[in-house]
Amino acid sequence: MADQLYLENIDEFVTDQNKIVTYKWLSYTLGVHVNQAKQMLYDYVERKRKENSGAQLHVTYLVSGSLIQNGHSCHKVAVVREDKLEAVKSKLAVTASIHVYSIQKAMLKDSGPLFNTDYDILKSNLQNCSKFSAIQCAAAVPRAAAESSSSEKCEQSSLQVSSETPANNELTTNGHSPPTSKQIFQQPKGIMGMFASKAASKTQDANKETKTETKEVSSTGNKPPGKGNVMSNFFGKAAMNKLKVNLDSEQAVKEEKIVEQPPVSVTEPKLAAPTGLKKSSKKAEPVKMQQKEKKRGKRAELSDDETKETENMKKKRRRIKLPESDSSEDEVIPDSPGDYEAESPSPPPPPSPPPEPVPKTEPEPPSFKSSSGEKRKRKRVLKSKTFVDDEGCIVTEKVYESESCTDSEEELKMKTSVHRPSTMIVKKEPKEERKVPKKGTAALGKANRQVSITGFFQRK
Amino acid sequence: MFSEQAAQRAHTLLSPPSANNATFARVPVSTYTNSSQPFRLGERSFSRQYAHIYATRLLQMRPFLVSRAKQHWGGGVQVKKLCELQPGEKCCVVGTLFKAMPLQPSILREISEEHNLLPQPPRSKYIHPDDELVLEDELQRIKLEGSIDSSKLVTGTVLAVLGSARDSGKFLVEDHCFAELAPQQPAPTLDTDRFVLLVSGLGLGGGGGESLLGTQLLVDVVTGQLGDEGEQCSAAHVSRVILAGNLLSHNTQSRDSINKAKYLTKKTQAASVEAVKMLDEILLQLSASVPVDVMPGEFDPTNYTLPQQPLHPCMFPLATAYSTLQLVTNPYQATIDGVRFLGTSGQNVSDIFRYSSMEDHLEILEWTLRVRHISPTAPDTLGCYPFYKTDPFIFLECPHVYFCGNTPEFGSKIFRGPEDQRVLLVAVPDFSTTQTACLVNLRSLACQPISFSGFGAEDEDLGGLGLGP
């Protein structure tokens with residue numbers, strides 16, 4: 001009979017293989033409903049005991065029912081050994097169910113092995129764990145793999161959207177922490193990049209990546225940095241650091257950073273540098289940047305759109321951000337100029353600076369534009385300039401000056417270079433003016449020279 | 001109740017196998033709405049001060065307290081602000097309470113070099129007979145004295161006091177009142193029994209194997225594997241399972257990797273990794289059979305400050321395949337089949353326990369309901385996000401079932417409010433120590449504990465099962 005098969009099976013499991021046969025284990029192994037498995041076990045026990053009263057079978061039962069305890073009626077579910085069964089049953093006020101839990105050859109000291117058996121069989125049947133259960137739930141339908149992955153993406157994007165569209169609790173000062181942390185995170189990479197490679201362009205690229213990440217809005221898009229690299233080849237190493245300064249303050253909070261990778265990496269081999277390390281670190285950065293960029297918010301995107309056309313017109317912008325913002329009258333700066341230690345003023349004027357520096361730096365780019373377009377000869381001369389600034393401090397500064405055709409351009413350049421030191425002085429003590437030349441130098445860039453330990457950190 | 005209903009069917013399992021075995025369909029979800037939106041945080045900014053949360057709390061609670069004060073002490077009672085107080089004049093003032101506790105751990109005192117103090121060891125209660133109460137409103141603060149018991153009150157409570165200002169500059173209190181319960185929607189009438197299972201403190205990864213069998217038995221009962229047909233039929237009426245926090249054990253939070261040298265801890269995995277894998281399997285079993293809501297708790301991998309955000313679905317790759325799994329915030333608020341549930345994982349109650357003389361967690365739960373605030377001690381002694389527009393922990397509406405997880409023992413009580421509100425208070429016990437969960441019957445709004453046990457070598461008598469004399 002078909003019925004006898006299961007009896008033989010159970011017999012084999014218990015006696016020959018010395019297994020602990022729990023109802024759940026039997027149900028999965030024979031592929032039967034749990035209740036049927038329980039009944040099978042019971043049947044086996046009865047028959048075996050009838051045949052051979054000295055049979056070495058130990059049985060555990062499951063008892064459940066209600067009990068009055070501490071004033072409320074508590075429902076108890078317990079796994080008990082056979083010898084305790086009657087005692088437990090008598091204690092319960094209402095017995096809801098009794099059935100065989102498991103059969104095994106040896107006497108069990110505690111219920112640990114029962115759990116292990118159930119756990120093992122469950123692990124191997126995780127996907128259809130409720131197949132033989134007595135309760136089927138219509139709502140529990142596993143999602144299709146595509147659905148779940150798309151829902152993950154939706155969740156991620158909704159998370160980002162929810163973080164982008166600031167809820168009522170938002171202040172724009174939120175921008176503080178992420179950029180700071182990102183900058184700090186990226187700067188070591190910049191430093192490591194400098195150590196890892198020797199070419200100045202490496203540092204330029206690394207710093208560019210660093211800075212572009214930490215700056216906000218007014219994006220450049222891919223072209224200027226790429227072009228900057230290309231043009232740097234025209235100008236040679238001496239000119240490169242100047243470009244570095246320019247690109248320092250570029251802000252490319254855009255996903256096209258990745259598109260930018262090809263032009264950057266194209267220039268890399270030219271400049272003879274270890275590509276692998278740099279590329280991977282850079283690729284990691286843009287990916288992270290992308291994530292962060294997404295979170296940056298619509299502000300970034302909006303202002304990107306605004307400034308995109310103007311940027312496309314200009315190839316390069318010489319943006320020395322802070323001095324400019326200090327000197328700009330209609331710029332909204334919450335704090336005095338003494339506050340621009342790091343990126344602090346950046347968040348409040350994110351939408352304003354993009355249009356702001358655009359006209360401001362208008363004079364600057366033409367110099368480059370004309371130079372790139374017309375192939376003028378431009379000599380870059382390191383000159384020492386001594387002047388008295390606002391506070392009456394005599395400042396000596398070495399600046400690169402390019403002799404260009406128009407006086408105005410040169411003037412402007414001088415102005416900007418003067419601006420920077422003057423604002424720096426305003427910030428610092430006069431006695432620190434000796435640091436100023438160094439910093440100015442570092443900021444304006446000398447090819448490959450690290451003037452001071454702080455030379456790594458570009459002024460922002 | 002669950003047991004009685006389960007016992008109604010005949011016992012069939014102590015018999016030879018029958019060909020047909022009954023399968024029961026889980027009760028379908030009739031209505032469910034998750035109203036935890038106020039507890040979800042979008043982009044978070046911590047550059048704000050916490051004073052704003054107190055300001056908005058007082059602003060929101062003031063109208064409730066003024067109306068209660070008028071109810072208690074007559075419509076003619078004068079409600080004044082502290083700046084308008086005249087000495088000797090009897091009036092009512094509404095403000096936030098501050099309890100100055102000398103034993104309260106203060107980080108400033110700890111790091112203060114002039115005192116050279118060692119850090120204070122953690123105590124179970126930080127109250128002291130010398131605690132002082134101060135009432136603060138928008139502009140001023142005043143010390144309270146009189147018939148007001150400081151041991152039962154905690155910082156952050158908004159209340160109304162009736163009394164008069166003394167010449168000494170203190171306020172002599174004659175009586176005080178809380179905002180009491182918020183208005184409540186009437187509970188729906190259901191025609192069949194529907195249950196919601198509340199469990200908390202599964203404590204996975206704790207190292208102790210005894211509770212694992214209990215957890216497995218719990219899952220088996222809910223999914224309909226255990227028990228006779230009657231019990232399985234009753235279990236099919238469990239329409240939802242809410243896991244109220246502390247799914248991982250306290251032991252998974254060991255800080256060895258911080259204190260030990262890196263070369264020692266390099267290859268070791270965090271204890272929570274294994275625990276989360278186990279949790280994933282349990283959630284898979286549950287969500288294959290019943291809708292589950294998972295709330296994070298004190299030891300779970302999510303943020304520390306209240307409101308705790310949902311656990312991330314990437315931790316549960318197996319279980320998130322089912323749409324019945326829902327990861328929710330702590331505190332959690334939802335309407336299940338028309339019955340409003342509100343609950344936390346217990347941090348609010350245990351924090352009030354530390355700073356007041358109340359001993360029973362159920363009593364504290366009731367107290368928070370009467371004060372109309374889920375956790376008044378946040379942000380003073382309990383970490384909290386710096387809200388500034390609204391305080392989401394204020395009860396705007398009174399729930400039908402109000403629970404808190406991870407209490408040392410089970411407790412349940414029906415509380416009646418002044419406007420005929422009826423609330424079922426449930427203190428869900430810690431499962432890893434008590435092996436007890438709670439079954440809430442939505443039709444009758446009653447709660448029955450359900451406990452599980454295995455057997456061990458030491459259970460010679462029935463003490464282990466709780467069935468002893």
Side-chain angles (χ1 to χ4, degrees), chain A residues 24 33-36 38-40 42-43 62 64-67 69 72-81 84 87-88 91 94-99 109-112 114-115 118-119 126 129-130 133-143 148 162-163 166-171 173-174 176, chain B residues 1-4 6-7 11 13-18 21 23-26 28-29 42-43 45 47 209 212-213 216-217 221 223-228 230-232 235-236 281 284-285 287-291 318 321-324 387-389 448-457 462 465 467:
Chain A
K24 206 195 271 187
H33 192 277
V34 280
N35 287 352
Q36 199 167 30
K38 295 166 196 167
Q39 287 165 335
M40 285 178 184
Y42 177 77
D43 199 30
L62 180 100
S64 73
S66 75
L67 180 74
Q69 197 177 43
H72 21 247
S73 155
C74 177
H75 187 81
K76 289 254 179 227
V77 177
V79 178
V80 294
R81 281 194 289 249
K84 299 278 184 323
V88 172
K91 294 277 181 179
V94 178
T95 312
S97 47
I98 308 179
H99 64 78
K109 284 258 168 60
D110 62 65
S111 36
L114 293 177
F115 170 73
D118 279 344
Y119 187 68
L126 268 180
C129 47
S130 62
S133 164
I135 300 179
Q136 299 298 325
C137 180
V141 175
R143 286 189 264 229
S148 60
S162 65
S163 55
N168 42 4
N169 291 348
E170 266 15 283
L171 292 176
T173 51
N174 239 358
H176 275 264
Chain B
M1 281 270 78
F2 190 77
S3 326
E4 281 73 21
H11 293 199
L13 293 180
L14 291 177
S15 57
S18 56
N21 292 106
T23 311
F24 307 98
R26 173 80 58 194
V29 176
E43 201 170 320
S45 158
S47 55
L212 285 177
L213 179 69
Q216 194 55 51
L217 289 176
V221 166
T223 54
Q225 319 238 357
L226 264 187
D228 212 330
E231 190 157 0
Q232 287 163 346
E281 286 159 15
L284 171 69
Q285 294 174 60
S287 39
S289 173
V290 68
L318 301 169
Y322 288 91
S323 57
T324 42
F387 292 105
Y388 76 108
K389 285 231 171 115
Q448 185 181 32
I450 176 169
S451 62
F452 304 88
S453 57
F455 55 89
L462 300 169
L465 297 170
L467 299 170

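Throughout, protein chains are lettered first and strands after them, A, B, ... in sequence-line order, and every chain is numbered starting at 1.
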Atom group of [X] that falls short of 4.5 Å from chain B, counting heavy atoms:
X	result
Val77(A)	both
Ile98(A)	both
Lys38(A)	both
Tyr42(A)	side chain

Note to self: Could you tell me if the side chain of Leu226(B) sits less than 4.5 Å from the side chain of His99(A), heavy atoms only?
What the structure shows: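 A side-chain contact under 4.5 Å exists here.
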
(request) Kindly indicate whether the side chain of His72(A), heavy atoms from C-beta on, has any atom under 4.5 Å from the side chain of Pro449(B). (result)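 Of all side-chain heavy-atom pairs linking Pro449(B) with His72(A), at least one is under 4.5 Å.
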
So, does [X] use its side chain to make a donor-acceptor pair with the main chain of [Y] at under 3.5 Å?
X	Y	result
Gln232(B)	Ile135(A)	no
Ser111(A)	Phe455(B)	yes
Ser97(A)	Glu231(B)	no

Closest heavy-atom pair, Ala288(B) versus Cys137(A), reported as atoms and distance to 0.1 Å, is O-CB, 4.4 Å

First locate atom [atom1] of [X], then atom [atom2] of [Y], and finally report the distance between them rounded to the nearest 0.5 Å.
X	Y	atom1	atom2	answer
Arg26(B)	Ser133(A)	CZ	OG	8.0 Å
Phe452(B)	Lys76(A)	CZ	NZ	10.0 Å
Leu217(B)	Leu114(A)	CG	CG	9.5 Å

Chain A heavy atoms under 4.5 Å from Ser323(B): which part of the residue, side chain, backbone, both or neither?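 Both the backbone and the side chain of Ser323(B) come within 4.5 Å of chain A.
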
Under 4.5 Å to a heavy atom of chain A? For Leu213(B) that would be both

